[in-house]
Every structure is written in structure tokens, then in C-alpha cells.
Amino acid sequence: MKASDLFVKALENEGVEFVFGIPGEENLDFLDSLSRSNIRLILTRHEQAAGFMAATYGRLTGKSGVCLSTLGPGATNLVTAAAYAQLGGIPMLMITGQKPVKTSKQGQFQIIDIVDMMRPLTKYTRQLVSGANIPSRVREAMRLAQEEKPGAVHLELPEDIAAEQVDEQPIPASLVRRPVAEDKSIHAAVEMIRAAESPLLLVGAGANRKRTCNMLRKWVAKLGIPFATTQMGKGVIDERDPLFLGNTALSSNDFVHRAFEAADLIINVGHDVVEKPPFFMHAGGVKVIHVNFSSASVDPVYFPQVEVVGDIANSIWRLMEQLEPQPHWDFSRFMTVRTAGETSVAQGADDDRFPIYPQRLVADVRQAIQKRGIIALDNGIYKIWFARNYKATAPNTVLLDNALATMGAGLPSAMAAKLVHPDRQVMAICGDGGFMMNSQELETAVRLKLDLVVLVLRDDAYGMIKWKQTNMGLKNFGLDYGNPDFVKYAEAYGANGHRVASSEALLPLLSRCLNSPGVHLVEVPIDYSENDRILNHEIRELSSKI
Ligand SMILES: Cc1ncc(C[n+]2csc(CCOP(=O)(O)OP(=O)(O)O)c2C)c(N)n1
Ligand SMILES: [Mg+2]
């Protein structure tokens, strides 16, 4: 058998369903092998988008997504997606081609050291130097990508190795269970939680795993300890729960931070310092129990006193078994904060200004989309509004990136979400800046016949940076641009283009697009004029008064 056939068999053996990417001539044997497989090739228009799609597949399934590129320029285009998966704790395998490694008549044309380039961005990066090694290399790469904390891995398959004759077979995955926390750490945590007066549960990215979500829901129901979410922990527990205190979209000075200040213990589940800090620790301040698959990286703003390291679902279950609600627990201050926070979050939901007010946009999207519908956010100022105001009702229904926080991932990740969940409504929410970074994938979405809604929030600027610029007291400079006519732009791709013309028109238009087939781009003119006043000043002032 051809080594590339063995490579594809090894991927089939791992349960791979899709390969996202753009082949080059160095991948042609691999492509030929793929043509005889049930694995579906999803051809994209930029490798970065293929990488974001593979990563999102990994995020939603827990199984490594796979992307493909050629050598040199194709592989360098994967770099941002590698960083996205690696920082985001998302399993993803990148396969890149290479010129023949044994003999080649092309000098150094297109050759850079991709294996080395991927080193700081991956858990594992290797060149295949013999077809016989394919089974072990693929298994090892997949094992590492998927093991907690998941991340990116890379294999380089040179042309001559892909064409070798081999007779090896893939290596089946072992039966492996995640290690569980040691008894004494559980005991220490139980004692601390029992003795605390006002413990608070914080749910972060690492808790967004199926078993963990179930267990945490039971935990909250049994113990009645109020909880907050980080941006990437949204949806683990339904944010409509009466014990939900708020999301840490901002790192400080929001209502939810008043609850952090009132807590004497934070049970921090699944957070690590890669995500923007949800709160800041200070010497002599609140105590923290770190519950995660791996130990806490110490940081000036994060240095927990107790760590429960091991499978999170198991840890939560064992803590729950040993704990009962304590009569001395006092959550009254949390509940005051909650009430004020909920009022603040509801403000502006019915604002009828046009261009659309961000709070109105969040409220209307929430109303239009199903409970299990998925929103995939790009990066811009609206991400803060969605994280803060949008109530996530089911796990992994708010796909946002608060780790690399890259622009350009909104549309590709929505497309991958639709491939994984064809039965659910999916909406990409992008700024005009982030959308234009991978807007060429509209062609891919149309070709794949995806039912997808793509919101493009038009402020004709890199709004998020303008917000920071204003906050720093600097004059408006260097962040405004023009835009194409988005309706025509969508239509040029064979998608449906819509423009919101008034605030009342927004909700019916969103509903209509979500409920009709095809790709719908909706241009939403957006009013960011109050971002600075509200996010930097009003919230801080009002929350300090409660
Ligand atoms: C790839 C990349 N480049 C630059 C940035 C820095 N950055 C963060 S948000 C932002 C502006 C986003 O503009 P837009 O997508 O239009 O969203 P808006 O804030 O205007 O709604 C920039 C430049 C980034 N996060 N990622
Ligand atoms: Mg913008």
C-alpha cells in the first residue's frame, strides 16, 4: 500500500470525519488516498480558515479536527490557527506537505523549516522520515492533541515519504482514563468550602466538557452555591439559573466583581491563566481553590491556595458527595449584586436608536435564535457585550475566543459548527474588520450549501481599538476605513444579502434568516458611540454604589 493510503487509514482509525484545507502539489498522493476514503475533504479558500474550522470541530467534539496545507506558504498560513487551538485548549492536527526529503532537484525553493516553526505553537511537531512510522506518529499526535489540556499538533508528510510502499497497519487507541484527584486534595477543598462564609463558584473554559457540565449542574442544584462564568465558560450551566451572578466579560469593576469582593472563597473550575483574567487575586485577599485537569500556572494575578488536580467531573462529583449546604453560608450580598447586575444587563435591550445599539442587538439575537442555537463570535468590542449580556443556555453554544482572541475566526468557526450540528441554528457574529479577514469563505459556505446567518456589524472601523484609544484619552486616529457594499458582496458569492434599516426591523429579519435555507449575510449598522461611557465609566460607577 502507498504510505499516503496508510496515513489516511490511520486517520480513519482515529474516527476522523473531515479534513479541512488546501492541497498543494506536495499533498497530491495524500489527496489521492483521501479520494478513496469516507473522510470528507472540505476545501477552503484560505488555510487559516481551514485551521479555524478544524479547531472548532475539535472544540465541539473533543476529537481532534484535522487540517491540511502544502509546504512553505500554505503552512505559514496555518500559524494563527495553530496558536488559536493551542491557547484555546482545542485538539487539532495540522498535516503539511514538503518537498522530497531524500533527493530533490528544486534546491531550497519554497522550503522553510515548518516543523521548527510550529514548535512554540504545538504540543508535538514531527517530520515523517519513513512510511513505516506513520501509524505511531499519527497515534501519538492524536493522543497528545486530545489529552487534557488539548492543543495543536503537527505532522509534516514529505512527498517521497507519502509515495513509499509500506505494509504497516494503524495502531488502535488504548483504553485510557484521565487520572483523578488525590483524596487529600479533595479533603482539603471540602474543609475550605465547608468553613467558608460566602463561597463562589467560577466556571471557566476547561469545564466546557460534556461530563463536566452535567456534574456542575448537579453540584449547583445540590449545594446552592452561586456561580459566575468566564467568557469561555459560558453555557456550562444555564445562565438563566437564579444562582447565576454574571459573566466576567470585563476583568474588573463590573457588578459581578462586587460578588468576587464579597466572597471569601472562590472555587475556580476549569479556568487557567491563558484566558483573560476574570478577576484579580491580591496578597491577603480572597482564597481560591483551583479545580482543573492540570495544576495552576502561578501568575501575579493568580496564585490559588489549594489545587484539586485531576478529571474535573470526578473532582466535582467527589466534592459534592462530601458536602451539604451549610447553615452559616451567607449569599445575601451575592444576591443583591445579582439583582443589580441583571438590571444593568437588561438595560438597552429595547433601545430603538438606529444605527443599532449593541445591547439591543444582543437581546434580539437571543430572542431570535433557538436555545441550543450556536453563535460564533469574531473578535471586536461586541464580544464584550455578548459575553456580558447574552444568556448562554446550553454548553458550547457561545463560541468565542478569549485566549488568542484573534480576528477572522467568526465565519469559519460558525461554518464548522454547522457541519458538526446540521440540525441547529448557527450564526456568525463579526465586526466589519474581522469579517473581512476571512470573508472569502462565503464561497465555501455557499458551495457546502450551509444554512448559516452571518451578521456583519458595520461601524466602518476597528471599533474595539477605538474604544481603547478613547479610554486612554487619545485622539481618534488611524482606525477608520471604508467597506464594500455588503449586500452586493454577499450576492456576488451567491449568498443572500440583507441590510437592517431600522431597529424594529432587526428581530424579524434575524428570525426570517434563521428560518430560511442558505447563507444569509446581514449588515447591521451599529452605534458604538456609548461604549466608552458605559463600559469604562457607568458600569464602574453604578456597581461601586451597591
Ligand atoms: C488578527 C488580529 N489582528 C488584530 C487584532 C487586534 N484587534 C482586536 S479587536 C480589533 C478591531 C476589531 O474590529 P472589528 O472586527 O470591526 O470589530 P469592532 O470592534 O469594530 O466591532 C483589532 C484590530 C486581533 N485581535 N487579531
Ligand atoms: Mg468594526
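For ligands, and for the atoms within them, numbers begin at 1 and follow the listed sequence.
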**Q** Please tell me whether Asn438 and Gln440 have a donor and an acceptor in their side chains that are separated by less than 3.5 angstrom.
**A**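 Yes, a side-chain donor-acceptor pair sits under 3.5 Å.
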
**Q** Do any nitrogen or oxygen atoms of ligand 1 lie under 3.5 Å from a protein nitrogen or oxygen, and which ones?
**A**
{"residue": "ligand 1", "atom": "15 (O)", "partner": "Gly433", "partner atom": "N", "Å": "3.3"}
{"residue": "ligand 1", "atom": "15 (O)", "partner": "Gly434", "partner atom": "N", "Å": "2.7"}
{"residue": "ligand 1", "atom": "16 (O)", "partner": "Asp432", "partner atom": "N", "Å": "3.4"}
{"residue": "ligand 1", "atom": "16 (O)", "partner": "Asp432", "partner atom": "OD1", "Å": "2.7"}
{"residue": "ligand 1", "atom": "16 (O)", "partner": "Gly433", "partner atom": "N", "Å": "2.8"}
{"residue": "ligand 1", "atom": "16 (O)", "partner": "Ala461", "partner atom": "O", "Å": "3.1"}
{"residue": "ligand 1", "atom": "16 (O)", "partner": "Tyr481", "partner atom": "OH", "Å": "3.2"}
{"residue": "ligand 1", "atom": "19 (O)", "partner": "Ile381", "partner atom": "N", "Å": "2.9"}
{"residue": "ligand 1", "atom": "19 (O)", "partner": "Met464", "partner atom": "N", "Å": "2.8"}
{"residue": "ligand 1", "atom": "20 (O)", "partner": "Asp459", "partner atom": "OD1", "Å": "3.3"}
{"residue": "ligand 1", "atom": "20 (O)", "partner": "Asp459", "partner atom": "OD2", "Å": "3.2"}
{"residue": "ligand 1", "atom": "20 (O)", "partner": "Ala461", "partner atom": "O", "Å": "3.0"}
{"residue": "ligand 1", "atom": "20 (O)", "partner": "Gly463", "partner atom": "N", "Å": "2.7"}
{"residue": "ligand 1", "atom": "21 (O)", "partner": "Tyr528", "partner atom": "OH", "Å": "2.6"}
{"residue": "ligand 1", "atom": "25 (N)", "partner": "Ala405", "partner atom": "O", "Å": "2.9"}
{"residue": "ligand 1", "atom": "26 (N)", "partner": "Met407", "partner atom": "N", "Å": "3.1"}

**Q** Thinking salt bridges, do Glu342 and Arg240 make one under a 4.0 Å N-O criterion?
**A**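 Judged by the 4.0 Å cut-off on N to carboxylate O distance, Glu342 and Arg240 do not form a salt bridge.
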
**Q** Salt bridge or not between Asp254 and Arg540? Use side-chain N to carboxylate O under 4.0 Å.
**A**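 So Asp254 does not pair with Arg540 through a salt bridge.
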
**Q** When you check the gap from the basic side-chain N to the acidic O, do Arg447 and Glu443 get nearer than 4.0 Å?
**A**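 Salt bridge present between Arg447 and Glu443.
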
**Q** Check this for me, if you would: do Arg353 and Glu530 make a salt bridge, where the nitrogen-to-carboxylate-oxygen distance has to be below 4.0 angstrom?
**A**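 Glu530 and Arg353: salt-bridged.
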
**Q** Give every donor-acceptor pair under 3.5 Å between a side-chain atom in residues 508-515 and any protein atom, sequence neighbours left out.
**A**
{"residue": "Ser511", "atom": "OG", "partner": "Leu507", "partner atom": "O", "Å": "3.1"}
{"residue": "Asn515", "atom": "OD1", "partner": "Gln425", "partner atom": "NE2", "Å": "3.2"}
{"residue": "Asn515", "atom": "ND2", "partner": "Ser511", "partner atom": "O", "Å": "2.8"}

**Q** Do Asp378 and Ile429 pass the side chain to side chain contact (heavy atoms under 4.5 Å, CB included) test, and can you show the C-alpha distance, the side-chain angles, and the key distance before you say yes or no?
**A** CA-CA 6 Å; Asp378 209 280; Ile429 301 172; over 6 Å; no

**Q** Do any pairs count as a side chain to side chain donor-acceptor pair (under 3.5 Å) and have a residue in residues 111-125, sequence neighbours left out, and if so which ones?
**A**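 Every side chain to side chain donor-acceptor pair (under 3.5 Å) pair that includes a residue of residues 111-125, provided the two are not neighbours, is Asp116-Arg119, Thr125-His154.
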
**Q** Less than 3.5 Å apart, any donor N or O on the side chain of Thr229 or Glu239 sitting next to an acceptor on the other?
**A**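 Yes, Glu239 and Thr229 have a side-chain donor paired with an acceptor closer than 3.5 Å.
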
**Q** Could you grab the protein N, O or S atoms closer than 2.8 Å to the Mg ion (ligand 2) for me?
**A**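 The answer is Asp432 OD1, Asp459 OD1, Ala461 O.
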
